[in-house]
Amino acid sequence: MGYKISNFSEIGKLNKVLLHRLDKEIEALVPDNFERLLFDDIPYLKVAQQEHDVFADILRENGVEVVYYVDETAKAIADPKIKEDFVRRFVKESDIYSEHVEEVIVDHLVQKEPLDLVKTVIAGIKKESIDVGMNNSLASYIAGGYPYYTDPMPNLYFTRDPGACVGDGLNVHHMSTKARRRESLLLEYMYKYNKDFAPEGTKLWYDFDDSYSIEGGDVLVLSDDVVGIGLSQRTTAVGIENFAERVLSGSTFKKILVFDIPKSRAFMHLDTVFTMVDFDKFTIHPEIEGPLQIYEVTLNKDGRPHFESIQGELEDILKKELNLPAVELIRCGGDDPLAAQREQWNDGSNTLAIAPGVVITYERNYVTNSLLDKKGIKVITMPSSELSRGRGGPRCMSCPVNRDRV
């Protein structure tokens with residue numbers, strides 16, 4: 001439909017979104033590699049795909065253009081020279097133990113058609129799929145028990161994290177963990193070489209090769225003027241400062257609000273504990289409802305960042321910063337502490353707004369969904385018995401590309 005990158009809101013009508021339909025990379029998960037690949041459980045792929053298809057259908061039924069990582073990356077690397085460059089960068093980022101093996105894998109991958117190539121690198125390259133010939137070395141002996149030359153990318157179905165569309169520009173994030181870093185490489189090639197996705201003139205606020213980590217689950221576009229960012233387990237203060245300086249100097253945004261949240265897996269990103277569902281309504285995990293440390297970043301007249309500390313109740317801070325007469329915080333799980341823990345684990349606070357006051361949620365979070373409904377929010381639920389095993393909700397699984405301004 002030709003939607004360019006334009007995202008000035010968390011709640012404006014969603015027009016275009018980037019998804020990844022999980023595939024064979026999920027079947028690489030076993031208990032032995034949970035820690036390595038950042039999973040706690042193994043989704044049943046067939047059912048997870050069915051659930052993801054329901055998600056995509058809900059979006060389409062509500063007028064959203066759905067595009068996929070695999071297709072958009074394949075378009076970006078259609079030119080043979082770009083494809084080879086992509087392969088070589090991917091292989092270098094994969095920490096393969098031998099230059100000889102690297103070259104064999106490069107030769108293997110460049111023969112593939114772009115779509116098959118993208119699917120292959122996401123699924124991971126098994127040792128049984130390529131004969132590398134003689135490779136007698138200590139490194140190959142040590143690595144001999146691991147079944148992959150290049151790790152799969154099972155976290156990619158959480159497309160929120162590798163990048164973020166902010167205003168009329170894009171972040172290509174430096175991911176915090178080695179397991180996820182290569183996901184952003186796909187987005188970098190989309191930005192550089194797929195002009196259907198990122199037309200000429202699209203600004204780049206953050207780059208794959210930036211040195212400090214930011215992840216998209218920590219980035220919330222709260223208004224035309226304000227971007228919120230979580231200082232979290234996976235997003236660093238220096239990364240936030242670099243992003244803030246670029247976006248504030250190159251766009252119409254006037255302020256970055258930095259939310260200092262607990263550094264733990266339970267609070268992995270800001271959007272696991274806090275999301276916007278309407279102009280004046282937010283879902284929230286009760287554990288961050290009290291006084292919260294927030295930092296404000298603006299630019300001085302000389303273009304350098306200026307920092308201020310803000311302390312107080314989140315409700316009061318949001319009301320002031322967003323120029324609202326009142327703000328309502330809707331607790332995940334309500335007043336029931338067991339429901340709050342259970343539904344937080346299943347991403348009850350991780351809602352995806354597709355229009356003001358209209359959200360997609362997991363159907364399993366029935367306590368929070370009922371509260372949202374009572375507060376006048378239209379709740380569209382989706383199945384999630386398998387998708388939720390990856391510890392991410394509808395917001396995590398979506399990268400908004402274009403929204404109406406509100």
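Numbers for residues simply follow the sequence, beginning at 1.
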For this session: Report the C-alpha distance between Phe90 and Thr150 in whole Å, list the side-chain angles of each, state the deciding distance to 0.1 Å, and finish with yes or no for side chain to side chain contact (heavy atoms under 4.5 Å, CB included).
Result: CA-CA 9 Å; Phe90 166 79; Thr150 68; 3.9 Å; yes
Exercise. Do Thr202 side-chain atoms and Pro199 backbone N/O form a donor-acceptor pair below 3.5 Å?
Worked result: yes
Problem set entry | Lys375 side-chain N/O to Ile330 backbone N/O, donor-acceptor pair under 3.5 Å | no
Which pairs would a plain distance check flag for residues 73-81, meaning a side-chain donor or acceptor within less than 3.5 Å of a matching protein atom at least two apart in sequence or in another chain?
| residue | atom | partner | partner atom | Å |
| --- | --- | --- | --- | --- |
| Thr73 | OG1 | Tyr69 | O | 2.7 |
| Lys75 | NZ | Glu72 | OE2 | 3.2 |
| Asp79 | OD1 | Lys81 | N | 2.9 |
| Asp79 | OD1 | Ile82 | N | 3.3 |

Exercise. Which atom pair, heavy atoms only, marks the closest approach of Trp205 to Asn171?
Worked result: CB-OD1, 3.0 Å
Seminar exercise, completed: Tightest non-hydrogen contact, residues Ile261 and His269, listed as CD1-C, 3.7 Å
Problem set entry | Under the ring pair (Phe, Tyr, Trp, His ring centres under 6.0 Å) test, residues paired with Tyr191 that sit two or more places apart | none
For this session: Could you tell me the separation between the OG atom of Ser176 and the CD atom of Gln233, rounded to the nearest 0.5 Å?
Result: 7.0 Å
Problem set entry | Asp271 side-chain N/O to Asn350 backbone N/O, donor-acceptor pair under 3.5 Å | no
Problem set entry | Listed partners of Phe282 passing ring pair (Phe, Tyr, Trp, His ring centres under 6.0 Å), at least two apart | Phe274
Problem set entry | Between OG on residue Ser9 and CG on residue Asn7, distance to nearest 0.5 Å | 7.0 Å
Which atom pairs, donor and acceptor, lie under 3.5 Å between side-chain atoms of residues 352-364 and protein residues at least two apart or in another chain?
| residue | atom | partner | partner atom | Å |
| --- | --- | --- | --- | --- |
| Thr361 | OG1 | Asn369 | OD1 | 2.9 |
| Thr361 | OG1 | Asn369 | ND2 | 3.4 |
| Tyr362 | OH | Gly392 | O | 2.6 |
| Arg364 | NH1 | Ser384 | O | 3.2 |
| Arg364 | NH1 | Ser388 | OG | 2.8 |

Exercise. From Asp347 CG over to Met397 CE, what is the distance, rounded to the nearest 0.5 angstrom?
Worked result: 9.0 Å
Seminar exercise, completed: For Asp280 and Leu324 the tightest heavy-atom approach is CA-CD1, 4.1 Å
Exercise. Would you say Asn194's side chain and Phe197's backbone share a donor-acceptor pair under 3.5 angstrom?
Worked result: yes
Exercise. Does any non-hydrogen side-chain atom of Val67 lie less than 4.5 Å from one of Asp196?
Worked result: no
Problem set entry | Test log, rule side chain to side chain contact (heavy atoms under 4.5 Å, CB included), inputs Asn346 and Arg391 | CA-CA 7 Å; Asn346 292 312; Arg391 308 274 72 83; 3.2 Å; yes
Problem set entry | Results of side-chain contact (heavy atoms from CB on, under 4.5 Å) for Arg60 - residues two or more places apart only | Ala56, Asp57, Val66, Tyr68
Exercise. Do the non-hydrogen side-chain atoms of Pro31 and Ile42 ever get within less than 4.5 Å of each other?
Worked result: yes
Problem set entry | Listed partners of Thr236 passing side-chain contact (heavy atoms from CB on, under 4.5 Å), at least two apart | Tyr212, Ser213
Exercise. Can you tell me if Glu51 uses its side chain to pair, donor with acceptor, with the backbone of Glu386 under 3.5 Å?
Worked result: yes
Problem set entry | Partners meeting ring pair (Phe, Tyr, Trp, His ring centres under 6.0 Å) with Phe86 (sequence neighbours left out) | Tyr189
Exercise. Hey, what do you get for CG (Asp95) to CG (Asp151), rounding to the nearest 0.5 Å?
Worked result: 9.0 Å
Give every donor-acceptor pair under 3.5 Å between a side-chain atom in residues 112-122 and any protein atom, sequence neighbours left out.
| residue | atom | partner | partner atom | Å |
| --- | --- | --- | --- | --- |
| Lys112 | NZ | Asp116 | OD2 | 3.4 |
| Thr120 | OG1 | Asp116 | O | 2.8 |

Donor-acceptor contacts, no H, no angles, side chain residues 310-322, under 3.5 Å, sequence neighbours left out:
| residue | atom | partner | partner atom | Å |
| --- | --- | --- | --- | --- |
| Gln311 | NE2 | Gln293 | OE1 | 2.9 |
| Glu321 | OE1 | Lys255 | NZ | 2.7 |

Exercise. Residues in side-chain contact (heavy atoms from CB on, under 4.5 Å) with Lys195, at least two apart?
Worked result: Glu200
For this session: Would you give the length of the straight line joining atom CD of Glu215 to atom CZ of Arg180, rounded to the nearest 0.5 angstrom?
Result: 6.0 Å
Exercise. Do Asn155 and Asp161 have side chains that get closer than 4.5 Å, going by heavy atoms?
Worked result: no
Exercise. Does a side-chain heavy-atom distance below 4.5 Å link Leu187 with Thr159?
Worked result: no
Seminar exercise, completed: For Ser349 and Gln344, the nearest pair of non-hydrogen atoms, with its separation, is OG-OE1, 3.3 Å
For this session: With salt bridge (Lys or Arg N to Asp or Glu O under 4.0 Å) as the test, would you mind laying out the steps for Asp41 and Arg389 before giving the verdict?
Result: CA-CA 6 Å; Asp41 202 350; Arg389 295 178 189 271; 2.6 Å; yes
For this session: Determine the minimum heavy-atom distance between Gly334 and Pro286, stating which atoms define it.
Result: O-CG, 4.5 Å
Exercise. For residues 23-34, which residue pairs qualify under salt bridge (Lys or Arg N to Asp or Glu O under 4.0 Å), counting only residues two or more places apart or in two chains?
Worked result: none
For this session: Look up atom CZ in Arg246 and atom CG in Leu204, then write down how far apart they are to the nearest 0.5 Å.
Result: 8.0 Å
Problem set entry | Main-chain N/O of Ile96 paired with Ser94 side-chain donor or acceptor, under 3.5 Å | no
Exercise. Heavy-atom distance under 4.5 Å between the side chains of Leu220 and Phe259, does that happen here?
Worked result: no
Problem set entry | Asn33 (side chain) donor-acceptor with Val30 (main chain) under 3.5 angstrom | yes
For this session: Please determine if Glu103 and Arg88 form a salt bridge, counting it only when a charged side-chain N lies under 4.0 Å from a carboxylate O.
Result: yes
For this session: Give the C-alpha distance, both sets of side-chain angles, the deciding distance and a yes or no for salt bridge (Lys or Arg N to Asp or Glu O under 4.0 Å) between Asp218 and Arg234.
Result: CA-CA 8 Å; Asp218 284 313; Arg234 297 189 180 179; over 6 Å; no
Problem set entry | Under-4.0 Å salt bridge between Lys4 and Asp168 | no
For this session: For the residue pair Glu10 and Thr275, establish whether any side-chain heavy-atom pair is separated by less than 4.5 Å.
Result: no
Problem set entry | Closest heavy-atom pair and its distance - Pro305, Val297 | CB-CG1, 4.3 Å
Exercise. For the side chain of Arg160 and the backbone of Ser398, is there at least one donor-acceptor N/O pair under 3.5 Å apart?
Worked result: yes
Exercise. Between Glu245 and Arg304, is any pair of side-chain heavy atoms under 4.5 Å apart?
Worked result: yes
Exercise. So does Glu102 pair up with Lys92, basic N to acidic O under 4.0 Å?
Worked result: yes
Exercise. Is the backbone of Asp207 close enough, under 3.5 Å, to the side chain of Asp210 for a donor and an acceptor to pair up by distance?
Worked result: yes
Problem set entry | His108 side chain vs Asp131 backbone, donor-acceptor pair below 3.5 Å | no
Problem set entry | Residue pair Tyr206 / Val166, side-chain heavy-atom distance below 4.5 Å | no
Problem set entry | With sequence neighbours excluded, residues passing side-chain contact (heavy atoms from CB on, under 4.5 Å) with Lys192 | Arg89, Glu188
